[in-house]
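Structure, as structure tokens:
Computation of the quantities below employed the complete heavy-atom set of this structure, encompassing side-chain atoms and omitting hydrogens, waters and symmetry-equivalent molecules. The first residue in the sequence is number 1, and the count goes up from there. Only a predicted model underlies this, so the values are computations on that prediction, with no experimental measurement involved.
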Amino acid sequence: MRDAYHEELDSIADDLVGMARTVGSAMGRATASILDADLSLAERVIEADQDVDEKQHDLEARAIALLARQQPVATDLRTVVTSLRISADLERSGDLAKHVAKLARLRYPQQAVPSDLHATVLEMGQLAQRLMAKTAEVLATKDVRLALQLEQDDDAMDSLHRTLFQHLMDDKWEHGIETAVDVTLLGRYYERFADHAVSAARRVVFLVTGEHPGDFSAEGGVGGA
């Protein structure tokens, strides 16, 4: 019975890794769809989000069943509860990729992103993918140091987000109000996606150490040691 219990815990952990990789890929494809005005690709991203939602619901049901049947304590309890929270972060990340794709669909056949912002948006999309790829690695390896590094990497996304706003506030902006709204939303989607990647990684830190990430740093380790 205990072997089956721990096999289920391992299965939930594996599914979280898979979800992270799936939503990271989704954001990459969503970015391509909005930069290339690719309606077919946007539709595929939107449709595929249903699979992420179903995976999250299945994982949630299994985790709750474990809580009810096994009544875990200590580390096992922390594992189940943290897994529930991570799955919610990943499901919301998938929603944000879907929002990017929906914006591409809304503006088709026009491009939602002005040509002078293509490079910035592309960089945001690529960074979002890299952040989620690191989160997937953290989930697979339980590497606390790598998890803490994600917060530093997220600073780059914040910087790119500010760059978008600088363009919007520039007196030379000539793309109109509708495009300004689109770009504002798009920047928010990428920024929130990065936040959820960091949040999932932070939860792994707590899972492994029992301490909150603010209690130590990536350089110093737990307790600054």
Side-chain angles (χ1 to χ4, degrees), residues 9-28 52-53 55-57 59-60 62-64 66-67 72-100 123-162 187-225:
L9 283 178
D10 290 343
S11 176
I12 288 173
D14 290 342
D15 285 347
L16 289 174
V17 175
M19 282 183 68
R21 290 172 176 161
T22 296
V23 298
S25 175
M27 184 55 92
V52 175
D53 293 344
K55 177 65 72 174
Q56 194 267 338
H57 293 154
L59 191 152
E60 184 179 75
R62 287 154 56 203
I64 291 172
L66 280 180
L67 286 173
V73 296
T75 301
D76 286 348
L77 176 60
R78 201 160 67 229
T79 297
V80 175
V81 173
T82 301
S83 295
L84 284 168
R85 292 174 175 170
I86 291 172
S87 73
D89 277 317
L90 298 178
E91 189 273 333
R92 290 174 190 136
S93 297
D95 285 344
L96 290 161
K98 179 177 68 175
H99 292 337
V100 173
E123 190 172 355
M124 293 182 85
Q126 291 173 339
L127 179 57
Q129 275 192 277
R130 290 197 301 272
L131 281 165
M132 193 56 76
K134 280 191 176 181
T135 296
E137 185 176 351
V138 167
L139 291 168
T141 64
K142 306 298 187 293
D143 186 332
V144 169
R145 190 173 299 274
L146 180 61
L148 293 170
Q149 288 173 359
L150 258 80
E151 294 200 45
Q152 299 170 15
D153 295 338
D154 185 46
D155 291 342
M157 183 66 82
D158 293 337
S159 178
L160 289 167
H161 196 205
R162 287 192 295 271
R188 183 60 172 163
Y189 296 153
Y190 286 118
E191 190 247 351
R192 289 299 297 150
F193 186 94
D195 286 347
H196 283 301
V198 171
S199 176
R202 285 173 63 90
R203 296 188 196 284
V204 173
V205 175
F206 177 70
L207 170 62
V208 172
T209 68
E211 298 185 46
H212 293 286
D215 297 335
F216 47 92
S217 67
E219 293 82 3
V222 179

When rounded to the nearest 0.5 angstrom, what distance separates [atom1] in [X] from [atom2] in [Y]?
| X | Y | atom1 | atom2 | answer |
| --- | --- | --- | --- | --- |
| H161 | Y189 | NE2 | OH | 11.5 Å |
| R188 | E191 | CZ | CD | 4.5 Å |
| K142 | T79 | NZ | OG1 | 8.0 Å |
| L139 | M132 | CG | CE | 9.0 Å |
| M124 | M157 | CE | CE | 5.0 Å |
| R202 | L207 | CZ | CG | 14.5 Å |

Begin from the C-alpha positions of V204 and T135 and carry the test side chain to side chain contact (heavy atoms under 4.5 Å, CB included) through to its verdict. CA-CA 9 Å; V204 173; T135 296; over 6 Å; no
Would the number of heavy atoms belonging to other residues, nucleotides or ligands and lying under 6.0 Å from CD of E151 be above 12?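 Yes, CD of E151 has more than 12 neighbouring heavy atoms, counting only those of other groups under 6.0 Å.
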Could you tell me if the side chain of [Y] sits less than 4.5 Å from the side chain of [X], heavy atoms only?
| X | Y | result |
| --- | --- | --- |
| L77 | L67 | yes |
| R130 | K134 | no |
| P72 | L66 | no |
| D143 | E137 | no |

Which atom of [X] lies closest to which atom of [Y], heavy atoms considered:
| X | Y | result |
| --- | --- | --- |
| V205 | A147 | CG2-CB, 3.5 Å |
| A128 | M27 | CB-CG, 4.0 Å |
| A201 | L150 | CB-CD2, 3.9 Å |
| T82 | R78 | OG1-O, 2.6 Å |

Could you point out which residue of L127, L131, L96, V198 forms a side chain to side chain contact (heavy atoms under 4.5 Å, CB included) with F193?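 Option passing the side chain to side chain contact (heavy atoms under 4.5 Å, CB included) with F193: L96.
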Would you mind writing out the side-chain donor-acceptor pairs for residues 86-94 within the sub-3.5 Å range, not counting sequence neighbours?
unit_1	atom_1	unit_2	atom_2	d
S87	OG	Q56	NE2	3.4
S87	OG	L84	O	2.8
D89	OD1	H196	ND1	3.0
D89	OD1	S199	OG	3.4
D89	OD2	S199	OG	3.0
D89	OD2	R203	NE	2.8
S93	OG	D89	O	2.9

For residues 15-25, which residue pairs pass the side-chain hydrogen bond (donor to acceptor under 3.5 Å, both in side chains) check, not counting sequence neighbours?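 Checked against side-chain hydrogen bond (donor to acceptor under 3.5 Å, both in side chains) - neighbours excluded - the pairs reaching residues 15-25 are D15-R62.
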